[in-house]
Every structure is written in structure tokens, then in C-alpha cells.
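Scroll down for the structure; my scribbles are underneath it.
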Amino acid sequence: MSYKENRGASAQIGIAYSSYVPSFVSKHPDTVDYIELPFEVLHFQNDSAAAILDSKPIILHCASLSMAGSLPPAWEITKSVQHWIHETKTPWLGEHLAYITAARPTVGQDNLEPLSSLYDTGYSVGPPMNTETLEYVLHSVQRCEDSFGVPILLENSPVYFTPPGSTMTQVEFVNEICACSSARLLLDLAHFYITSRVLKFNPLREVLRFPLERVDEIHISGVDFQDESHWDDHTRPAPDVVFDLLATVLAHCRPRAVTLEYNWSVRFPEDLLLGEIARARQVLAATCLPST
Amino acid sequence: MLDPVFLDLLERDPAIALGEYALDPALVSEFSRLDWSRVRGFAGMAAKVQNNGLWQHFFYTRTLLANFKLDNRLFVAYRRQHLENRKEGLSRDAQTDRFLQFLRTYIHSLSDNYPGLSAVIQHEHWAWEIAKSLSCQPSKSNGPPARNARPSDHTLMNAAITINGVIRVGEFKHDPLQIVAMVDHGHFDPKALVETSIWRCYWGDPASGELRILESDANSATVLNAVNGCQCAKDILRSTTESNSIQAKLFLRQAFKIGLVSYVTKQNRTRGSHAGRLR
């Protein structure tokens, strides 16, 4: 089943894939417009997720391309992403503005590390935001555009601490990327809110400095507070401020999709999920810019 | 930055940790000003997300850990083990076993009291072990173990008896089923839990292929723990006090009736000798 947009209509609403999603979709087939599916689920365990491909249109999301890293992804990963873009007929590919691999340092002539040796964090890590990383990102965007045939949407990672070597804020960094490329954006509002708590800025004001005209997709998820810090948490509903941010953003741009990411647990209370979807639709109906 | 060993060194002495990278001194100085609790918290959160798959059978444990705001700290502590697991390429079951072992030790080491947490971990651990065991049983088409007709007193006392399937028996300080019900209704309230002694028997019933959770007590637990496929009821009851002996006999009759125990026969001798590992 392929993703189709109603031109001129407001954004579509989807949910991120978890093991509870197939039964939720079969019970409430008209509640969501699409499923956002991690590439990694298809790549590593495609049997269990393949059934969902027939039930709803798919938007593919990825955490393997290391967009802000100094090394390109492995050839097999690129080939597999290409394959699943084709299979899912996704309209675009979402990927984190982060890195998961990095080259090991070469030290003088005595470096005996094999060329293939690299750090693999196994998790998307926010990069230092500076001109060097900007170059890595621009190369990655170009490489993806050349390889995949669908737009790549860069997702803002939560900033839990400012990475050493940063010379820009995240908003400045994203603006630079947009100024130098045709990259589109995936604005994760929970990540943005977490960043605002860490760096102590007003999220409702600062989000307007984000290049909103490039935003095609929005993510909504929960936020936890532990040990004096805010943390990304896809097991709980989004706090009110995330929906306030959604309303603020929708007054200034018209994204094509809003995804509720409640996908870190094998269960999410059904009534709660239905309520969250209805709430997102209400905000969309109340604030979306008129079609042009 | 996500490697706890490197992180320890980085926090202690950034100049040494970063020596091989030939960095600008200003950049090294930026590292030394990092908020290490946040960096460690991030590494823990990464480990937490990478272990999302562990929770498939431990939903209530996860819910309580999150409720007590313990999950991030737990995974900060677990990260080193997690990285070793990744390196070894452990199976999901082996990862779960290691994680549960770590979790129990971690919870035990906490000075504060987290009502219900140990009970829920035990409940889900046993349910998981029994589900695994049931999934390895021969299919039902091979026929369930023979159930005995109501035994005569003489038969009951003199025939060797065995457990049908797998059981776990133990004492809980809080009722795990009450906690499960609270979570299912969306309002876990640790203050509403009353500390008490509750005995439960978790039984993987091979006839139905399902987990059954039975009310138990210290006396019946002693009896069940003595059922080993070799002893007869007379020997088992000898180990109980006289006043408990009558109750134990009644309990054994009930256990026969529901199929929890049966006489040792040629058919179930092999099965009985290894299936019912007891606690």
C-alpha cells in the first residue's frame, strides 16, 4: 500500500510501529493514515513487520545512515535502505541529524589499526555543531539524494549536553544546512523541548527560528524527567507543551505528516492512544494554514 | 562518549583520555567542563533504548522501574554489561537472563524501599521461565501426561509422585497480581500496597499449555518442593509436623485432582525427573 496525500488537505496523522500496532490498526483501521516503520525493523526482523506493509501506507524512518558522521554507511546498509524504500513506496526517508559511526584516529606512522576499524556507538549521537560537521552532513544529504530517489528528512536530535567543539546552536546549525542544501526536515517536538530545558531557552519562541518552511514531518512523543534532567521517552504520552509547540509550528508552516511515536513498549493503552491521535487531529484542524 | 570505561577516564583526566587525538587544548578544556551526570545519563538512555526488546515479557517490571524513576540509573549501571553482551552476540534469552540477574542484584543494593518491585520481577521472571518451558513441550497432539483417578489412601501414601510440568513456588512480600491489576487500570499506587506474606505456585500446566498461578502456603510449598519423582507421599508427609500433615495430605489430594502431581509411571518417569525443577 503506498502513501497518498490529499493535496490541499491538512497533514496526515500516523503512528510509529511497535508490536502492538498491527492489532491496533486492524481494530481501528481508519484512525491513522499511515505507519512510520523503522528501516532497522525491516532489515533485521522483516518477517514480523512485513504484514504491516499491506495494512497501511508506510513512511520509512532510519537510524543507520550516520548523516553527521565522517564515514559513509556500509554498502550493504545503503543497498538495503534502497530496497526497503522501493518495497514500502515511502514518500521520503526520515533520518537523524546524528552519527552512529566514526573513524578511529590515525596516530603517526605507527598506527596499526586496520582501515575498516571504526567506532560504532550503536545509537544516534548528536554531533558537534560546527563547519566540519556541516560538511559531513552536506555530503551525506547529497549521497542520499543520489542513492535513494526520495527526499531525505533530517530530524533534530535532543541535545542533552552541548557536544565539545560546537560553534553553533542546533537551530543555527539546521539553518546552515538548509542554506547550503535542499534538505527537508523532520521536526521532533519532544526533542526540541528537551533541548530547550537543557539549554534553558523558551521553546515556543525559539522554534520559530527553525527553518519551518522545510519541515515535512513532525514527531510527537513523551518526555521523562529523571535525575534532574529531561529525557526522550516513547513509552508515555506527550506533555502539554509538546502540543503547544505543535500548535505554534502549525500556525507558521504546513507539514505533510504528523507522527505519534509511542513505540518503545510492547503496549500502549488503547484509550490513551486514541485520545492522543484525536488531540493531534484537533490541533491540526484548529491551526493548520489554509491550502494555497 | 558512550563507552563507560572511556567515560571514567575522560572524567578523571581529559588530557590523558584525549591524548591520542591530538586535539586543540581549548577543545580538551571543553571536555573537562562537561556535565558528566548528563553524559552518563545519555549513555544509560542509549542502553535503555537498545534494550527495549528485553521488556516484551517484563512489561510490569518496566512500568514499576519507570514509576520509581529508576530505569535511567539502572541502565547507566548496566551499560558496561550491555556492551559486553553486544560484543558476545548473545541470544535474546541469554541477554534476558543476564539482565534479570543484574536487575535483582541492583534492586537488592538500593537502600530505599520500592514496594512491589521485587514481587513483580519475581512474578514476571517465573512467568517467562514457564512460558519458555511450555513452548518446548511436545505438542498437545502427542497427548498430555496421564492424569490419575482419585487415589485411594493406600495408593496416595505409597506410590512415588511427580510434578506434571514445571513449577516455581515461593513467597512474596507483596501480591504481584494486585500490582498487575493496578498497572492494568492505569494507577499503580505503591502506598496502597500492604506488606504481607503471600505464597504462590506458578505452574506450567502441560495439559492446557498455559501458566496457572495457584494460591499456596509455606506448608504446601514444602510439600511441593519435596516432590521429586522418587519419594512417595508417606515420605514427604514425614518431613512435615503432625499438625501440618493432615493439611498436607489434603493438599496432595487437591494437587492430584487438578493434575499438578501424578504417580510416577513408565510414561512420565523420564519427564518427571527433569521437568519439575522446584524452588
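Every chain is numbered from 1 and lettered A, B, ... according to where its sequence line falls, protein lines coming before strand lines. Values in this document were obtained by computation on a predicted structure and should not be read as measured data.
- Within the 4.5 Å cutoff, side-chain heavy atoms of A:Pro164 are placed close to those of B:Leu34.
- Contact annotation for B:Leu83: neither backbone nor side-chain heavy atoms come within less than 4.5 Å of a heavy atom of chain A.
- Under the 6.0 Å distance and 45° angle rule, A:Arg267 counts as a cation-pi partner of B:Phe59.
- By the neighbour-count criterion of 12 heavy atoms within 6.0 Å, atom NE2 of B:His185 is sparsely surrounded, having that number or fewer from other residues, nucleotides or ligands.
- Taking CG of B:Asn52 as the start and OG of A:Ser265 as the end, the distance is 8.0 Å to the nearest 0.5 Å.
- With sequence neighbours left out, B:Asp189 forms a salt bridge (charged side-chain N to carboxylate O under 4.0 Å, His left out) with no residue at all.
- Interface residues of residues 273-280 of chain A toward chain B, defined by a heavy-atom distance below 4.5 Å: none.
- Heavy atoms of B:Gln50 lying under 4.5 Å from chain A belong exclusively to its side chain.
- Around the CD atom of B:Gln101, the shell of radius 6.0 Å holds no more than 12 heavy atoms that belong to other residues, nucleotides or ligands.
- A:Asp233 does not touch chain B: none of its heavy atoms, backbone or side chain, sits under 4.5 Å away.
- Taken to the nearest 0.5 Å, the CZ atom of A:Phe161 stands 11.0 Å off from the OG atom of B:Ser37.
- Between chain A and the options B:Gly53, B:Gly41, B:Ala22, B:Ala43, heavy-atom pairs under 4.5 Å are most frequent for B:Gly41.
- To the nearest 0.5 Å, atoms CH2 (A:Trp264) and NZ (B:Lys48) are separated by 6.5 Å.
- Proximity to chain A (any heavy atom under 4.5 Å) is shown, for B:Asn72, by both the backbone and the side chain.
- Contact of B:Arg33 with chain A is not made at all, since no heavy-atom distance falls under 4.5 Å.
- Salt bridge present: A:Asp224 and B:Lys69 bring a charged side-chain N and a carboxylate O closer than 4.0 Å.
- Chain B is approached within less than 4.5 Å, heavy atom to heavy atom, by A:Thr235, A:Arg236 from residues 234-243 of chain A, ordered by number.
- Every residue meeting the salt bridge (charged side-chain N to carboxylate O under 4.0 Å, His left out) condition with A:Glu270, not counting sequence neighbours, appears here in chain and number order: A:Lys27.
- Here the OH-CZ distance, from A:Tyr123 to B:Phe42, works out to 6.0 Å after rounding to the nearest 0.5 Å.
- Heavy atoms closer than 4.5 Å to chain A are found in both the backbone and the side chain of B:Asp71.
- Chosen from B:Val28, B:Val49, B:Asp3, B:Leu23, the residue pairing most often with chain A at heavy-atom distances under 4.5 Å is B:Val49.
- Across B:Glu30 and A:Gly165, no two heavy atoms sit closer than the pair OE1-N, 3.0 Å.
- Summarising the geometry of A:Asp232 relative to B:Met45, their closest heavy-atom pair is O-SD, 3.8 Å, with the distance given to 0.1 Å.
- Surrounding NE2 of A:His139 are at most 12 heavy atoms belonging to other residues, nucleotides or ligands under 6.0 Å away.
- Contact count versus chain A (heavy atoms, under 4.5 Å) is highest, among B:Val39, B:Asp35, B:Leu70, B:Leu27, for B:Val39.
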